[in-house]
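See structure below.
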Amino acid sequence: MSSPTADPIPLAARPAATPAPFPPTWALKVIMALTGSLFVAFVLFHLAGNLKVYIGAEDFNHYAEWLRHLLNPLIPGSGFLWAFRAVMVGSLVLHVYSGITLWVRGRRSRGNHPRKFIARRLSSRTMFWTGLIVLCFIIFHILDLTMGKLVAADGFDPADPYSNLIHSFSRAPVAVFYGLTMALIAFHISHGIWSVINDLGGTGKRLRSVVFIVAGVVAVVVAIGNLSIPIAVQAGILAVS
Amino acid sequence: MRLILEVWRQASPQVQGHLEAYEIDDAREEMSLLELLDRLNHQLIEADQEPVAFESDCREGICGTCGVDIDGIPHGPEDNVPACGQHVRSFNDGDTVRIEPFRAAGFSVIRDLIVDRTGLDRIIQAGGTVAVDAGTATDADALLVTHEAAEAALDFAACIGCGACISACPNGAAYLFTGAKLQHLALMPHGKMERGRRARAMITQMEHEFGPCSQIGECALACPANVPLSAIATVNKERLRALLRRKDN
C-alpha cells in the first residue's frame, strides 16, 4: 500500500471507509441545474440588452437606466436591481461550490487511473475549466463595465454605459479576451443545458432530443450575438458619436 | 498474426501492479479477446510462469462476468460489445494491445485483471430487488403490463452488471448501472410498489462508493447491453420523485 499506484482502499475496509457524501451528490446536481438554468436565462436577457447597442447610444443608455429602476414604483429605487443581484451572487456561490465539490468527488471516485476520454464531447470534459475561466470573466466584466474600477477603460462614466462599452472594447486585448470567453461560455452552456435535463430527470426520448438541439442553438446564439459587439467595435462599425 | 500484449500484473490488492509485455505469434483474427488471453495463458503455463488471472463465464455476452480495459477502453475497441464478443480482427499485425483491469476507485484489483465489483452487489442489495409480499400466485393475466412498458423495462433490465460503465466514466460514476435497475423496476407492477424507498436506498448506497455523473456519455458507448443513456437521468428523476412524494411507493 505504500506505492502511489497501488489501489488506495483495501478490499474489506471500503464500505466503512467511505461514508455517504454530504451534501448528497444528487442534491448538488439539482442545485447546479437550477442555478445554471437561472444563469442561462440571465445570459439570454443580457444578450437581448447588449444587442440594443446596434440601435444607438441613446436607446442603449435608456435601457440601462430602465434596468436600474425596474418594477418602479412597485419596488422603489433600485430595490429590484439589488434583490436581483443578491439572488445572482447567491446562485453563483452555490453553483461554484457544487461544481467544485462534484469535481473533487469525481476525481476521488476515479482513483489512480484517470480515464482518457475516448470520444466525444469536448464541452463535457472541459466543464470545470471553462467554468473557472467564466468565473474570472464575470469578475473582470463587473469591474470593467458595472463598477468602472481597476480594469475599466479611462473616462468611465456610470451614466453613459454606451461609451464605456465602446472604450472598453476599443482595447484590443480586452476585445480578444471577451471574444475567447464568449466561445468558452458557449461550450459551458451547451453542455450545461444538456446536463440540466439529465439532472432534473428528463428521460423522455423526444424531450431529450429537443433539449440536445436547444442546447446547441442557445450556445451558438449567445456566442455569435455577444461576439459581434467587440468585433463591431474593433472594426469601427460601433463608435462614440 | 503477431501481437504484443501489455498485461496488468498484480499479485494481490496490497502490492503495486505493473504492465508486462508478452508476445503472441499465432493470434488469429477470429479469436475473441478472451481466447487471446487463453492463448497467452497456455504459453505462460508451458513456460512455467504464472498465468494471467481474468474472469469469464458464458462467453456469449449475457453473464457480465468478463470485462477488461483494452487500450483504455472498457471491453475493447468496438462500442457496445462485451470483451468475449470482441475479436482480434480489430487489431493489425504487430500491434501492441494494452490489457488492464476495469479502472475506478470503487473497483480495487484483486489479482491481475480481476477487480472487486461487490460495490455493484451492495447497490442491488440496498433496493434492487422486489421485497413486497405479493401473496399467492395470481392468474398470469391478472396484472396487466402494456407491451410498451414491458419492452421499455426489458431495455433496462438488459444490464448484465459488468461494471464497464463505471470504468468508462471519467468520474467513476455508477449512474448507468443504478439508473438501469431503477428504471426497469419502476415500470413493473410489483417493482412500482417500492419505487420511492428503492430510489432513496440505492442512490445513497451508490454515492457511498461511486462518483457523480457529468453527462459525458462514455458509459452508454461502452455498455455491452446497450442500456440507453437516459438511465443516467433516471437516477435523479427517481430521487426527486421520492423527495417530492415522500412515500415508499
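Side-chain atoms are counted along with the backbone in the values below, which use heavy atoms only and exclude waters and symmetry mates. Just so it is clear: chains get the letters A, B, ... in the order the sequence lines come, proteins before strands, and each one is counted from 1.
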Would you confirm whether B:Glu207, through its side chain, and A:Pro21, through its main-chain N or O, come within 3.5 Å as a donor-acceptor pair?
no
Side-chain donor or acceptor of A:Arg110 paired with backbone N/O of B:Arg103 under 3.5 Å
yes
Straight-line distance of B:Ile216 CD1 to A:Met127 CE, nearest 0.5 Å
10.0 Å
Check for a donor-acceptor pair, side chain of A:His113 on one end and backbone N or O of B:Ser167 on the other, with a separation under 3.5 Å.
no
Atom OG1 in A:Thr25, atom CZ in B:Arg239: separation rounded to 0.5 Å?
11.5 Å
With a 4.5 angstrom heavy-atom cut-off, could you sort out which part of B:Asp71 is near chain A: side chain, backbone, both or neither?
neither
Pick one: which of A:Thr203, A:Val30, A:Asn198 meets side-chain contact (heavy atoms from CB on, under 4.5 Å) with B:Asn236?
A:Val30
Exceeds 12 heavy-atom contacts within 6.0 angstrom, atom CZ of A:Phe212:
no
Chain B heavy atoms under 4.5 Å from A:Arg105: which part of the residue, side chain, backbone, both or neither?
both
Please look at A:Pro24 and chain B and tell me whether the side chain, the backbone, both or neither of the residue comes under 4.5 angstrom of a heavy atom of that chain.
both
B:Lys237 vs A:Leu200, side-chain contact (heavy atoms from CB on, under 4.5 Å): CA-CA, chis, key distance, verdict
CA-CA 6 Å; B:Lys237 178 187 185 175; A:Leu200 297 184; over 6 Å; no
Find the distance between CG (A:Asp199) and CD (B:Gln215) and round it off to the nearest 0.5 Å.
4.5 Å
Among B:Ser230, B:Gly211, B:Cys213, B:Ala231, which residue has the highest count of heavy-atom pairs closer than 4.5 Å to chain A?
B:Ser230
So with a 6.0 Å cut-off around CZ of A:Arg108, is the heavy-atom count from everything else above 12?
no
Search all heavy atoms of A:Gly202 against all heavy atoms of B:Ala233 and return the closest pair with its distance.
O-CB, 3.4 Å
At a 4.5 Å cut-off on heavy atoms, which part of B:Gln183 comes close to chain A: side chain, backbone, both, or neither?
side chain
Does B:Pro170 offer a backbone N or O that forms a donor-acceptor pair with the side chain of A:Arg107 under 3.5 Å?
yes
Please report the interatomic distance CZ(B:Arg200) to CH2(A:Trp26), rounded to the nearest 0.5 Å.
9.5 Å
Is B:Ile166 close to chain A through its backbone or its side chain, or both, or neither, when contacts mean heavy atoms under 4.5 Å?
backbone
